[in-house]
Amino acid sequence: MTDIVPQLLDWYRTEQRDLPWRRTAVSPWQILVSEFMLQQTPVARVEPIWLAWIERWPTPSATAAASAADVLRAWGKLGYPRRAKRLHECATVIATEHDDVVPSDIETLLTLPGVGTYTARAVACFAYRKRVPVVDTNVRRVVARVVHGRADSPSSVRDLDDVAALLPDSADAPTFSVALMELGATVCTARTPRCGLCPLSVCAWRSRGYPEAAAPVRRVQRYAGTDRQVRGRLLDVLRGNDSPVPRAQLDMAWLNDTAQRDRALDSLLVDGLVEQTADGRFALAGEGD
DNA sequence: ATCCGGTTCC
DNA sequence: GGAACGGGAT
């Protein structure tokens, strides 16, 4: 089983994707930005936005100096715009409380807005080369298959221990972690794994004949027709206007269900993504800053 | 346990 | 049409 390390490292050396945030000379802050954008979002959609973003706002203080509205516009249709707001807040905290330097220890990283278990470990590992386990959805699936012989596994803290047990006791640990993610992203995929391309000589899932997932019961999260789609439509209107828009203009973005539209707008106000002016019009939060 | 975007691919 | 995508906050 210890052969996993050289097999995976050799494979990664030749098969890794050339992703811009993996190149040298990318700062910890820029890596942090990539991790925010990559939360629940495919690489292909993040890449162009990340490139433009770090050129425009290369540091935490530069990001903090921008208005929340401009940050939301630059985020565009990447999705989950609360991430953009948290990234802006995160930049402010780092600029004002950490001397414009991204913290390197997990405990401090976890105190930052929008930084959870995965992102804190990813920054410590990929930006600061620390030997800490990093578990995302890809790693969880790879470990479930290779180590436990199951098609997938529910999120659990045990995954961290599983990965910690696999990590090489050397400077290669961060590379091993990114290689594990890469394998899950490109070979050991969720729907149609390409096991013929797998570099690992031993896999418990393969040994057991690729058993199906036990109980898929997981509730499907749809999108069409949900409040999330309505929020997206409303934000899209505000992103396209530099000055506040009247309520009637927002109303046109969703005519099917007025109650749902009101609920969506209210939730955007609660989330601090949208603000109402004194005269009753609406704008992206921080439009005037 | 649910909510939170938007797109692509099977 | 559904599932998947380098999660986080409540």
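Computed from a predicted model, the values in this text were never measured in an experiment. To find a chain, count down the sequence lines: A is the first, B the second, and so on, and within it residues start at 1.
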With a 4.0 Å heavy-atom cut-off, tell me which residues in residues 11-29 of chain A come close to DNA chain C, sorted by residue number.
A:L19, A:W21, A:R22

I need the residues from residues 248-269 of chain A with at least one non-hydrogen atom less than 4.0 Å from DNA chain C; give them sorted by number, or say none.
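The answer is none.
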
Do A:V134 and A:V139 have side chains that approach each other closer than 4.5 Å (heavy atoms only, starting at C-beta)?
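No - every pair of side-chain heavy atoms lies 4.5 Å or more apart.
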
Check residues 186-193 of chain A and write down every donor-acceptor pair under 3.5 Å in which the side-chain atom is one partner and the other belongs to a residue at least two apart or another chain.
{"residue": "A:T186", "atom": "OG1", "partner": "A:E182", "partner atom": "O", "Å": "2.9"}
{"residue": "A:T189", "atom": "OG1", "partner": "A:T192", "partner atom": "O", "Å": "3.1"}

[X] has a side chain; which of [options] sits nearest to it?
X	options	value
A:T117	C:dA3, C:dG8, B:dG6	C:dG8
A:E35	C:dC5, C:dG6, B:dT7	C:dG6
A:R191	B:dC4, C:dC5, B:dC10	B:dC10
A:Y223	C:dG7, C:dA9, B:dG5	B:dG5
A:T192	B:dC3, B:dC10, C:dG6	B:dC10

Using a strict threshold of under 4.0 Å (side-chain N to carboxylate O), is an ion pair present between [Y] and [X]?
X	Y	result
A:D162	A:R158	yes
A:R121	A:E35	no
A:D251	A:R247	yes
A:R73	A:D70	yes
A:R263	A:D227	yes

Regarding A:V43, tell me which of base, sugar-phosphate or nothing describes its non-hydrogen contacts under 4.0 Å with the strands shown.
base

To the nearest 0.5 Å, how far apart are OG1 in A:T92 and CZ in A:R86?
15.0 Å

N/O (side chain, A:Q40) to phosphate O (OP1/OP2, C:dG7) under 4.0 Å
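So the side-chain polar atoms of A:Q40 do come within 4.0 Å of the phosphate oxygens OP1 or OP2 of C:dG7, strictly under.
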
Heavy-atom nearest nucleotide on DNA chain C for A:L38 versus A:P113: which residue maps closer to 5'?
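So the residue in question is A:L38.
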
Is there a donor N/O on one and an acceptor N/O on the other, under 3.5 Å, for the side chain of [X] and the base of [N]?
X	N	result
A:R45	B:dG6	yes
A:T41	B:dG5	yes
A:Q39	C:dG6	no
A:Y118	C:dG7	no

C:dG6 and B:dC3: how far apart are their P atoms, nearest whole angstrom?
23 Å

Verify side-chain hydrogen bond (donor to acceptor under 3.5 Å, both in side chains) between A:W21 and A:Q30, making sure each step is shown before the conclusion.
CA-CA 7 Å; A:W21 44 86; A:Q30 293 163 354; over 6 Å; no

